[in-house]
Undergrad: 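Attaching a single structure in structure tokens format; questions to follow.
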Amino acid sequence: MHSRRSFLQKIGWATASVPFVNLGMNQFSAKPLSGEKPLRVALMGLGGYAGRVAEAIQNCKRVKITGLISGTPEKLQRWGAKYNVPEESRYNYENFDAIGSNANIDAVYVITPNALHHNHTIRAAKAGKHVICEKPMAVSVKEGEEMVASCQKANVQLLVGYRMHFEPHTLEVIKMRHEGEFGKITFFQGLCGFRIGDPTQWRLNKDLAGGGALMDIGIYAINGCRYMVGEEPAWVTAQETKTDPVKFKKGVDETIMFQFGFESGVTASCLSTYNMNNLDRFFLNGEKGFAEMRPSTGYGPIKGKTHKGEINAPVVVHQTVQMDEMAAILLDGKKPLVPVDGLEGLQDLKIIEAIYKAAATGKKIALK
Ligand code: NAD
């Protein structure tokens with residue numbers, strides 16, 4: 001049996017090279033490895049999450065911000081000065097196709113509202129750059145398929161910003177499942193939600209968000225269920241409730257409960273909501289044991305326990321580790337334990353569409 005440390009080493013996570021955040025301690029800043037080619041990234045959409053990613057990249061071993069794309073000249077100026085991105089590598093949404101001739105950019109990280117991912121990803125791919133696209137990858141299966149096809153055609157890679165796929169507590173549970181510690185898996189529960197504020201934000205606008213809580217936060221329960229159980233769901237049922245139809249307009253889901261069935265007999269029960277706090281919990285049950293994570297997908301620190309006791313894994317800045325790992329995927333062809341490619345993003349979109357259909361019809365929807 002592998003120890004946790006040897007497992008982390010096996011998957012390229014020797015603890016000494018992981019940027020830690022210990023509670024109450026300063027962040028451990030990893031030094032660049034000499035001789036390793038850095039991934040040079042252009043950030044697109046300089047909003048809240050891009051700010052978090054940009055700060056996290058400052059502690060990456062092999063990722064550099066070398067381009068910026070924004071519709072706001074003042075942001076380009078401010079971010080350019082802060083992250084040392086020269087004027088010729090700053091673009092807006094009209095002219096960023098010219099990024100193709102910028103030899104200092106390897107990849108574009110799309111961090112714009114959901115409904116823009118399709119257009120932004122396809123244009124970045126056509127410019128010949130790898131794409132890292134935030135979740136949800138798109139707002140429909142059709143769009144997702146077109147993005148995968150465009151990236152294939154342009155011979156560039158498409159990755160989705162699934163930061164939890166590199167999170168050590170999460171990987172520890174997956175490793176324990178691989179090693180049979182839980183026995184046959186029987187059940188998963190995923191609770192994901194928060195009370196959303198400002199009613200004017202794009203997340204509550206169907207045209208920009210593509211939906212509501214399910215697209216934004218419920219996707220963590222869907223994706224988490226898949227990597228925790230280690231199997232694709234075969235069917236879904238779903239029920240929607242809405243207490244505030246003014247704030248949550250038509251097509252913007254407030255709360256959806258959904259259930260999955262799996263060929264192996266595993267069942268799952270999940271909650272996605274924009275109207276309740278304190279929901280960030282995964283529970284995985286097996287015939288020989290269990291894992292419980294809370295918080296399970298927030299920015300951390302992620303905490304968890306199993307039937308064997310507390311999970312003692314490194315506490316990391318998710319986006320720092322994600323970006324260094326993505327550099328290894330894009331530049332070295334490294335294979336992550338849990339995929340983060342376009343097909344992984346597309347599978348979540350297929351499930352999202354099935355959940356919406358199940359909620360609208362009250363029927364059990366089969367997933368191919
Ligand atoms: P945000 O509103 O803070 O930022 C969005 C940015 O897009 C802004 O800078 C805005 O100016 C820009 N933008 C460009 N065109 C726009 C348009 N037509 N309308 C509105 N804004 C436009 O949002 P965010 O929280 O940074 O989310 C951006 C993306 O990142 C979303 O897809 C979201 O799901 C994803 N996200 C992922 C995580 C994660 O943990 N992986 C966390 C937060 C957000």
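In this chain, residues are counted from 1 in sequence order. All ligand and atom numbering here is 1-based and tracks the order in the structure.
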Undergrad: Is the closest side-chain heavy-atom distance between Met228 and Met293 below 4.5 Å?
TA: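 Result yes, sub-4.5 Å side-chain heavy-atom pair found.
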Undergrad: State whether a side-chain donor-acceptor pair under 3.5 Å links Arg195 with Asn275.
TA: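 Yes - a donor-acceptor pair under 3.5 Å links their side chains.
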Undergrad: Kindly confirm or rule out an N or O of Leu116 lying under 3.5 angstrom from an N or O of ligand 1.
TA: no
Undergrad: Relative to the heavy atoms of Lys75, which atoms of ligand 1 are at a distance of less than 4.0 Å?
TA: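 Every atom of ligand 1 under 4.0 Å from some heavy atom of Lys75: 9 (O), 11 (O).
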Undergrad: Can we call the ring centroids of Phe182 and Phe290 under 6.0 Å apart?
TA: no
Undergrad: If you have a sec, work out which protein heavy atom is nearest atom 8 (C) of ligand 1 and how many Å separate them, to one decimal?
TA: Gly47 CA, 3.8 Å
Undergrad: Which of the numbered atoms in ligand 1 are under 4.0 angstrom from any heavy atom belonging to Arg203?
TA: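 Listed by number with element, the hits are 23 (O), 24 (P), 25 (O), 27 (O), 33 (C), 43 (C), 44 (C).
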Undergrad: Could you check, using the six-membered ring where one of them is a Trp, whether His318 and Tyr299 have ring centers closer than 6.0 angstrom?
TA: no
Undergrad: Which of the atoms in ligand 1, numbered in the order shown and given with their element, are less than 4.0 Å from a heavy-atom of Leu208?
TA: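 Reading through ligand 1 atom by atom, the close ones are 19 (N).
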Undergrad: Among protein heavy atoms, which sits nearest to atom 34 (O) of ligand 1, and what does the distance come to when rounded to 0.1 Å?
TA: Lys135 O, 2.8 Å
Undergrad: Should you measure from each heavy atom of Gly161, which atoms of ligand 1 turn up under 4.0 Å away?
TA: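 Near Gly161, meaning under 4.0 Å from one of its heavy atoms, ligand 1 has 41 (N).
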Undergrad: Could you tell me whether the side chain of Lys75 reaches within less than 4.5 Å of the side chain of Leu68, counting heavy atoms only?
TA: no
Undergrad: Could you tell me whether the side chain of Gln259 reaches within less than 4.5 Å of the side chain of Val236, counting heavy atoms only?
TA: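 No, side chains not in contact.
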Undergrad: Give me the nearest non-hydrogen protein atom to atom 32 (O) of ligand 1 as residue plus atom name, then the distance to 0.1 Å.
TA: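 Going atom by atom, the protein heavy atom closest to atom 32 (O) of ligand 1 ends up being Asn114 OD1, 2.7 Å.
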Undergrad: Quick check: Gly48 and ligand 1, any N/O pair under 3.5 Å apart?
TA: yes
Undergrad: Which residue and non-hydrogen atom of the protein lie closest to atom 26 (O) of ligand 1, and at what distance in Å?
TA: Tyr49 N, 2.9 Å
Undergrad: To the nearest 0.1 Å, how far is atom 30 (O) of ligand 1 from its closest protein heavy atom, and which atom is that?
TA: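 Sorting protein heavy atoms by distance from atom 30 (O) of ligand 1 puts Glu134 CG, 3.4 Å first.
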Undergrad: Is the count of non-hydrogen atoms from other residues, nucleotides or ligands lying under 6.0 Å from Glu74 atom CD greater than 12?
TA: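 Above 12, so yes.
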Undergrad: In terms of residue, atom name and distance, what is the protein heavy atom nearest to atom 29 (C) of ligand 1?
TA: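 Protein heavy atom with the smallest distance to atom 29 (C) of ligand 1: Thr112 O, 3.4 Å.
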Undergrad: Provide, to 0.1 Å, the distance between atom 21 (N) of ligand 1 and the closest protein heavy atom, together with that atom's residue and name.
TA: Pro113 CG, 3.4 Å
Undergrad: If we set the cut-off at 4.0 Å for heavy atoms, which region of Tyr109 has an atom near ligand 1: side chain, backbone, both, or neither?
TA: neither
Undergrad: Check Asp332 with Arg62, please: is the shortest side-chain N to carboxylate O separation under 4.0 Å?
TA: yes
Undergrad: Classify the contact between Arg52 and ligand 1 as side chain, backbone, both or neither, using a heavy-atom distance cut-off of under 4.0 Å.
TA: neither
Undergrad: Classify the contact between Ile111 and ligand 1 as side chain, backbone, both or neither, using a heavy-atom distance cut-off of under 4.0 Å.
TA: both
Undergrad: For atom 2 (O) of ligand 1, find the nearest protein heavy atom and state the residue, atom name and distance (0.1 Å precision).
TA: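 The closest one turns out to be Trp202 NE1, 2.8 Å.
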Undergrad: Looking at Thr66, is its backbone amide N or carbonyl O close enough to the side chain of Asn104 to form a donor-acceptor pair, meaning the two atoms are under 3.5 Å apart?
TA: no
Undergrad: What is the distance from atom CD of Gln77 to atom OG of Ser70, rounded to the nearest 0.5 Å?
TA: 12.0 Å
Undergrad: Below the 3.5 angstrom mark, is there an N/O of Gln319, backbone or side chain, next to an N/O of ligand 1?
TA: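 No: no nitrogen or oxygen of Gln319 is under 3.5 Å from one in ligand 1.
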Undergrad: Quick check on contacts: which atoms of ligand 1 are under 4.0 angstrom from a heavy atom of Arg163?
TA: 39 (C), 40 (O), 41 (N)
Undergrad: For ligand 1, which atoms sit closer than 4.0 Å to a heavy atom of Tyr93?
TA: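 Checking each atom against Tyr93, I get 14 (C).
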Undergrad: Can you confirm whether more than 12 heavy atoms, excluding those of Arg281, are under 6.0 Å from its CZ atom?
TA: yes
Undergrad: Say you draw a straight line from CD of Glu344 to CG of Leu159; how long is it, rounded to the nearest 0.5 Å?
TA: 11.5 Å
Undergrad: For residues Phe188 and Phe282, establish whether the separation of their ring centroids is below 6.0 Å.
TA: yes
Undergrad: Numbering the atoms of ligand 1 from 1, which are under 4.0 Å from a heavy atom of His117?
TA: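 Near His117, the atoms of ligand 1 are 32 (O).
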